[in-house]
> 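This structure is in C-alpha cells; I'll ask about it shortly.
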Amino acid sequence: MTGAAIVCEQMAFSYGGAQMLFDLTLPAGAIVALMGPSGSGKSTLLSLIAGFETPSSGRVVIGGRDVTREPPAARPVSMVFQENNLFGHLDVTANVGLGRSPALRLSAQDKADVAAALARVGLAGMEKRLPRELSGGERQRVVLARVLVRDRPVLLLDEPFAALGPAMKGDMLDLLRELHAERGMTIVMATHDPDDARALSSSLAFVEAGRIDAFGPTEGFFGDAAPQAFRRYAGEMRR
Amino acid sequence: MRPSARLLAGALAAFAVLLVIGGAFAGLIAEVGGNWAGAAAAFDPYLLRIVRFTLWQAVLSTLLSVGPAIFVARALSRHPAFPGRRLLLALFAVPLALPAIVAALGVLALYGRAGWLAPLLGFVWGGDWPGIYGLSGILVAHVFFNMPLATRLLLESLDSVPADQWRLASQLGMGAGSGFRLIEWPAMRTALPGVAALVFMLCVTSFTIVLLLGGGPAATTLEVAIYQALRFDFDIARAVALTILQLLLTIAAVALMATFGAATTGEASISVASRRHAHVPPPERWANALLLGAVAAFVAGPLLATLLSGLAADLARLAGESSVQRATATSLALAAVSATLAVALAWSFVAARGALAARRSGRLAERAADLGPLVSLVVPPIVIGAGWFVLLRRTGGTFAAAPFMVAGVNAMMAMPFAMRALKPAHDAATARHDRLAAQLDISGWNRLRLVDWPALRRPLGVAFAFSASLSLGDLGVIALFGSESVKTLPYLLIERMGAYRTADAAGLALFLGLLCLALVLVADRLGREKP
C-alpha cells in the first residue's frame with residue numbers, strides 16, 4: 001500500500017458561528033504537519049477529511065476519488081484521535097482486530113496479521129491486556145498497530161502524543177517515521193509542538209481562523225523567511 | 001446504533017407514550033362530549049371539598065416533612081462521623097425503596113387501633129385508642145416517606161458547602177447560631193423551594209396512602225375519589241370531572257416544581273461524604289443526639305412494626321395458598337414486562353436525545369426529547385387508568401386489558417427513573433465510542449454486542465431492577481383494573497384487608513416489602529460497582 005493524495009477543494013464548514021474554508025492539496029506519501037492556534041480549525045479539517053463532519057460546500061478527493069459524501073468507514077483513511085482511541089472493555093488483541101473486522105470475526109490470517117502488527121510496534125506479549133493496564137505510550141502503540149492492520153493509504157493524527165513525556169514522544173515519532181518508510185502512507189498530523197513538526201514532517205500547513213494561512217516545506221517555517229503569523233504563533237508557543 | 005436508528009427508536013418511544021396518554025384523553029373527551037351536562041353537574045360542593053382536602057393535606061405534609069428535615073439535615077451535617085451515622089442514612093433510604101402500601105400498613109400496624117403502640121397511646125389518650133385513620137394517619141405516612149427524602153436532599157446541599165468555608169467559620173469563631181444563619185441556611189435555602197415543591201407534588205398525587213389511611217368522605221383526595229367513582233359508584237361523569245381537576249392540579253404542581261428547578265426523580269442512595277467539623281459544644285451535641293434519635297425511632301417504627309406483624313402472621317400457610325402463589329407469579333411477570341418496557345423506552349429516549357444533540361440542530365426537537373419523558377410525571381397513573389377505564393368500558397374489555405394497562409402504565413411511571421440511571425453512562429459511552437465505531441464500521445448488532453452492551457449493562461441492570469421494584473409495589477392501575485382473573489400482590493393485600501384478615505395482610509406486606517427492598521439493593525449494588 002502506498003499513500004494517496006488528498007485534495008480539499010473550497011471545503012466550507014461552519015461550527016458555532018466560526019466560518020471555515022479550506023483549500024489544500026497534499027501530495028501522495030507526504031508527511032504534513034498541521035499547526036495553528038487552539039480553535040483555528042485543525043481538528044475540524046482532520047474531521048472533514050476523515051468524514052466525521054460533512055462540508056456545506058466543496059469536495060474532498062482522496063487518491064483521485066471524491067469521498068465527500070462517504071461515511072468515515074468507507075474512506076481510505078485511518079485517524080488517531082486525541083483520546084478514546086481504544087475500547088476500554090476490550091483487550092489489546094480485540095482492539096487491534098476490530099481494524100480488520102468490525103464484527104471481530106477474524107480468520108487465521110487476520111490473527112497472524114494482528115500478532116505481527118503488535119510485534120512490530122513493540123507490544124509482543126501484551127495481547128491479553130486491557131487498555132487501562134497499559135501506559136499512555138503503549139496505548140498509542142496499540143492504536144498504531146490497528147492502523148497497520150487496517151492498512152489505509154491516509155493516516156490522520158490529531159495531537160496524538162500531547163499527553164506523552166519527551167522521551168516517549170521521541171520513541172513514538174521514530175516509530176511513526178519507520179512505519180512511513182515501510183508503508184509510504186500519506187500522514188497528516190495536527191500538533192502544537194514545533195519540534196514534532198521539524199522532527200517528522202516534510203511540509204507544514206499553518207491554519208488560522210478556519211483557513212490555510214500558509215503551506216510549504218517545513219524548514220521554510222523556521223528560518224528568517226517564516227510567515228509573520230506563524231512566527232507570532234510559534235513565539236507564543238515558546239514563551 | 002446509527003444516528004438515524006437512534007432517532008427512529010426515540011420516535012417510536014414517543015409514539016408509545018403518546019398512544020397510552022392519548023387513549024386516556026380520548027376516553028375522557030368522548031365521555032365529556034357525550035355527557036356534557038353530567039360532567040358539569042359533577043362540580044358540586046362535595047367535589048370542591050375534595051379539592052380543598054387534597055391541597056390541605058399536601059400543604060401540611062410538606063410543612064411537616066420539610067420543616068423537621070431542615071434540622072435533621074443540619075444535625076447530620078454538624079456530626080460527619082459518629083457511630084451509626086451510616087446506618088441512620090441507610091435507614092433513611094428504606095422508605096424510598098418501599099411500596100406505599102407496605103408503608104401504610106406499617107403505620108397502621110404501629111399506630112392503628114390494634115397497633116403495637118395502641119396500649120400506650122390509649123393510656124395517654126385516656127380511653128380506647130381510636131387509631132389514626134383520617135388526616136393524622138395520612139400525615140404520619142407522608143412524613144414517614146418524605147421527611148427522609150427531604151433530609152437527604154438538604155444534606156446534599158449542605159455537603160456542597162466547601163470545607164474552606166467551615167475552616168473560615170471556625171477561625172472567625174462563629175457559634176452555632178451565626179453558623180446556621182450565615183452558612184447553613186443560605187446553602188439550604190437555595191434547595192428548599194425545589195425540595196418543598198417535590199414533596200408537595202408527591203403528596204398531591206399520593207393514592208395508596210390516602211386509600212388505606214384516609215377515612216370516609218371527610219378525608220378523601222381527588223385520586224381516591226376517582227377510584228371510588230369508577231369502582232364503587234359507577235359514576236362516570238363524576239370520575240371524569242375529578243380526573244380533569246386532578247390533571248389541572250398536577251400540571252400546576254409540576255409547573256411549580258419546574259419553576260423552582262427541582263430534580264424530578266430523586267435517587268435512592270444517600271451521599272455519605274464525611275467532612276471534619278468544628279467542635280460542637282456539648283449542649284448542642286445532646287440536642288442533636290435527641291433529635292436524630294427521635295427521627296430514627298419515627299422512621300424505624302413502622303418498619304419494625306411491619307416486620308413484627310409480618311412474622312406474627314401464619315407465613316407457612318400463606319406461602320402454601322394457591323391465590324398467593326398466583327398473585328406472586330402475576331406480580332413478578334408484570335413487573336418483568338413493565339421493567340423491560342421502561343428500560344426500552346428510557347434507552348430509546350436517551351439515545352435519541354444524544355443523537356439530536358450530536359446533530360447540533362433542531363433545538364425544538366431537543367427540548368421535546370427532554371420534556372417528552374416528563375409527561376409521565378404530569379399525568380398520574382390513576383388519571384391514565386381512569387381514562388382508559390372509561391374508554392374500554394364501551395368495549396366491555398376493561399378487565400381483559402388489565403395486564404396491558406398495569407405493565408404499560410407502570411413502565412411509563414418508571415421510565416424517568418430508568419432514564420436517570422441510564423443517561424450519564426450512555427452519554428459518556430457514546431462520546432467515547434461514536435467516532436471510533438464510525439471509523440471502524442462497527443454498527444447494528446456488532447455495535448450492540450461489542451460496544452454498547454459491555455458499557456451499559458450495569459446501568460441497564462440498575463434501571464431494570466429499580467423499575468421492577470416500582471411496578472411490583474404499585475397499587476394504582478391495578479386498583480382500577482384488578483379482578484378475580486388478574487390479581488397482583490398489592491391487590492391481594494387490599495382484598496385481605498377488606499376482608500379483615502389483618503394478619504394475612506401483614507404477612508403479605510412483609511413479603512412484598514422484602515421483594516422490593518431486595519430489588520432496590522440489587523440496583524444500588526450494581527450502580528456502585530465500577531464497570
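Just so we're on the same page: letters track the sequence lines, and every chain starts at 1.
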> Is any side-chain heavy atom of B:L450 closer than 4.5 Å to a side-chain heavy atom of A:L104?
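They are in side-chain contact.
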> Do B:L440 and A:R150 come within less than 4.5 Å of each other through their side chains, counting heavy atoms only?
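The answer is yes; the side chains approach within 4.5 Å.
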> Quick one: do the B:Q439 and A:R75 side chains pair a donor with an acceptor below 3.5 Å?
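No pair is found: no donor N or O on one side chain lies under 3.5 Å from an acceptor on the other.
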> Any side-chain heavy-atom pair from A:P102 and B:R447 closer than 4.5 angstrom?
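No. Closest side-chain heavy atoms not under 4.5 Å.
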> Measuring heavy-atom distances to chain B, does A:S101 have an atom under 4.5 Å in its side chain, in its backbone, in both, or in neither?
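Interface part for A:S101: neither.
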> Looking at chain B, which one of A:R100, A:R146, A:E83 has the largest number of heavy-atom pairs inside 4.5 Å, strictly under?
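It is A:R146.
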> Nearest 0.5 Å, please: how far is CG in A:N85 from CZ in B:R435?
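Separation between the atoms: 9.0 Å.
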> Rounded to the nearest 0.5 Å, what separates atom CG in B:L436 from atom CG in A:L98?
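Here the interatomic distance stands at 8.0 Å.
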> Determine all donor-acceptor pairs shorter than 3.5 Å in which one atom belongs to a side chain in residues 23-36 of chain A; sequence neighbours excluded.
{"from": "A:D23", "atom 1": "OD1", "to": "A:Q10", "atom 2": "N", "distance (Å)": "2.7"}
{"from": "A:D23", "atom 1": "OD1", "to": "A:Q10", "atom 2": "NE2", "distance (Å)": "3.3"}

> Return the minimal non-hydrogen interatomic distance between B:A438 and A:F52, and the atom names on each side.
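Taking B:A438 first and A:F52 second, the nearest heavy atoms are CB-CE2, 4.0 Å.
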> Can you say whether the rings of A:H89 and B:H433 are parallel (under 30°), tilted (30 to 60°) or perpendicular (over 60°)?
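If you compare the ring of A:H89 with that of B:H433, the planes turn out perpendicular.
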